[in-house]
Protein chains: 2
Amino acid sequence: MRKLVAEMAGVSEATVSRVFSGSDTVKENTRSKVLKAAQELGYVPNELARQLARKKSGNLGVILPYVPKARLFSTYYFYEMLGGISEAAQEHGVNLLLLHRKPDENGNYELLFRQQKVDGLIVLGAREVTEEREELLQMDAEGRPFAFVNQRMDGLEHRAVEADHRRGSFLACAHLLEQGWDKPAFVKGPGDFSNTLDRLEGFRDALPDELKTSHAELQGNYSRTSGLALAEEAASLLRSGIADAFAAANDRMAIGLLQGLKQRGFEAGQDYGLTGFDDSDGARLTDPALTSIAASFFETGREAALIALKVNSTPAAKLPVQLVVRESSLRG
Amino acid sequence: MRKLVAEMAGVSEATVSRVFSGSDTVKENTRSKVLKAAQELGYVPNELARQLARKKSGNLGVILPYVPKARLFSTYYFYEMLGGISEAAQEHGVNLLLLHRKPDENGNYELLFRQQKVDGLIVLGAREVTEEREELLQMDAEGRPFAFVNQRMDGLEHRAVEADHRRGSFLACAHLLEQGWDKPAFVKGPGDFSNTLDRLEGFRDALPDELKTSHAELQGNYSRTSGLALAEEAASLLRSGIADAFAAANDRMAIGLLQGLKQRGFEAGQDYGLTGFDDSDGARLTDPALTSIAASFFETGREAALIALKVNSTPAAKLPVQLVVRESSLRG
DNA sequence: CCGATTAATGTACGCGCGTACATTTTCTCA
DNA sequence: TGAGAAAATGTACGCGCGTACATTAATCGG
């Protein structure tokens, strides 16, 4: 095929290749002859062969956690992230290879590189277990370009892209206090995610000293259902006056809590203050609408892509967060 | 590399290849020798080279519509679909190549095949314009394996995977009537999507003859905002008694409507009946929760993948839908 | 124990490109 | 106008695998 084009254009195959590889130095005249011939013959370079010859797959891999029917994590979160990654990928002319990690199985990330399936890798939702950490450490040692998101792992700080969760939580708590809710409690996620801890600390940061150690905490698992299940406990905190507001570590739990408390006669914004975290789509669907923290997952994904593509070698500072005020936290 | 493995195992390179390509006929003895050698040297076949030699990219392409910051389409919809596609892809050992279509630009789908970037293609949210249709028709003529979803195009019925929207709308409307709302109105999406029409027809199917031509219709664009904007119009329909319920063509519009009507003092389930369509995550977040139609996008994606992988050549019958009753439609 | 089958392995080459190096053409400047 | 430098093109080969075909080893029947 390439040969035919070469003949028709009266040049060598190498020249054809040059034309399509972004000119080294081809005379304008011959370039157009080649393009014309290619056009007529319908020739297009075979990407596979190119990649082999160049020793670059041109793919950016994205590892998604296995999502069983019941969506464990927020759809919103991943889809936004993917959008940001995709944008960066497109700008740099690479393809996106989507890889759903199997339930328990290790990622075997290194393998993807050795097989030349990807040139870079983004791990969304890495499992925070030793095995996983070691695998990532090894990858780093081998000098593979990769990045992960909203997590922290010792010795891999330069691979981590994350929003400033701590500050986000701080903003939420400060806002509650400012609104006159002076006994905010915190709704935690599972303790083995690093950003769960950040969000808790940020919350404490905003608390006056006397409350720093004595505030109430509820334990959820980031699902709406878990929020719903905490409603009874929350209600009794409200009744006993131990708490008059809740800052939840994510929107889904906040929404569940809002719904559960409503069933028990407590209205957010009226009878208690409530904030979520993520500013997900759902935040504006509840009644009252949920005050939340926007962490720009789109940007987070984008940043991660740039690192995995070795465009940004410096790990960006923590990405900014923003308080989005809606009714659930407003007194009145 | 392969050569080293061959030497260490005391066989030829071809035999090494045979071992890794799923045995033709290799003696168990030599197989293990080869595997051992490969293990020790850390050899793994290069996928790129394999693909080139086999003339198969091993990739299933997924075209996503460009999603600007403001999410035009339902995140939920696409993410579910992706999940189904991914499951099928994994089962058949192919990779998923994600491609975001640029804003206006044509897909140039055929090119992806000619470049050997993909072996099959799934188009999510094809634009329903002549250009696009022609491109798809051409692809079909060239015998490329592909599928698209929840749309209809003349001459491409065997490429379309869709849920039974018409029946879904029928169920919604029938349910409203059964609940004693006897003047349901329909909230349409943009008229140039084929399934918008299906949903309207299904709605009519359920109507008693005298209403089939005289029911009210509102025109939205599938966004929540558009639902919100229709609230005033809807309110006057309610006040004048022209309508006492609304079946919306999707959840987002229904949710907007619900919120807008609430502002005007109308409570869903109380003062009027309301159903959505999609059974999105948001349906269970509103107050009252939204009755909706579940169309199993996961399954839809899965089916589409099977067709694009030539596993299922027969286009499946329309996928089943299901009425999910929540409070918004229940008289009470 | 030997020829005829059949199983197992080896040899050789192509897949379609990029690119180092060699060669030819064009340009520069005296 | 011609030597030398620079630009343009051609030649040759490798990227790492799969596989058709040739070759050798194992098996079997008599």
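Below, chain A is the first sequence line, B the second, and so on; all start at residue 1.
Note on A:Ser17: every side-chain N or O is 4.0 Å or more away from OP1 and OP2 of C:dG16. The phosphate of D:dT9 (OP1 or OP2) has no side-chain N or O of A:Ser12 nearer than 4.0 angstrom. Listed pair B:Arg50 / D:dG18 meets the phosphate criterion, a side-chain N or O lying under 4.0 Å from OP1 or OP2.
Candidate nucleotides D:dG14, D:dT9, C:dT9 were compared by shortest atom distance to the side chain of A:Thr30, and D:dT9 ranks first. Distance from the side chain of A:Leu52 is smallest to D:dC15 among C:dA8, D:dA8, D:dC15. Distances from the side chain of B:Pro45 to the nucleotides D:dC17, D:dC15, C:dT26 place D:dC17 closest. Of the candidate nucleotides D:dC17, C:dC21, D:dA8, D:dC17 has the atom nearest to the side chain of B:Asn46.
Atom CG in B:Leu4 sits roughly 12 Å away from atom P in D:dG16 (whole-Å rounding). When the C1' atom of D:dG16 is taken as reference, atom CE of B:Met1 falls 12 Å away, rounded to whole Å. Remark: P of C:dA20 and CZ of A:Arg54 are 13 Å apart, rounded to the nearest angstrom. One can place NZ of A:Lys3 at 11 Å from P of C:dG14, the figure rounded to the nearest angstrom. Between the P atom of C:dT9 and the CG atom of B:Asn29 lies a distance of 8 Å, rounded to the nearest Å. Distance A:Gln116 CD to D:dC17 P: 10 Å, rounded to the nearest Å. In this structure, CG of A:Leu48 is placed 14 Å from C1' of D:dG18, rounded to the nearest angstrom. Atom-to-atom, CZ of B:Arg18 to P of C:dA12 comes out at 14 Å; the value is rounded to the nearest Å.
B:Thr15 comes within 4.0 angstrom of the backbone, heavy atoms only, and of no base. Base engagement by B:Arg2 is indicated by at least one non-hydrogen atom pair under 4.0 Å involving a base atom.
You'll find the ring centres of B:Phe20 and B:Tyr43 inside the 6.0 Å limit.
The nearest heavy atom of DNA chain C to B:Val11 and to B:Ala53 marks one nucleotide each, and the one closer to the 5' end goes with B:Val11. Comparing B:Val44 and B:Lys27 along DNA chain D, the residue whose closest nucleotide (by nearest heavy atom) sits nearer the 5' end is B:Val44.
Taking CD from B:Gln51 and NZ from A:Lys117, the interatomic distance works out to 7.5 Å, rounded to the nearest 0.5 Å.
Residue A:Gln39 qualifies as open at atom CD: its count of foreign heavy atoms under 6.0 Å is 12 or below.
The pair B:Lys3-B:Glu13 does not count as a salt bridge, with every side-chain nitrogen at least 4.0 angstrom from each carboxylate oxygen.
Note on ring orientation: taking the six-membered ring where Trp is involved, the planes of A:Tyr79 and B:Phe78 are parallel (angle under 30°, cut-offs 30° and 60°).
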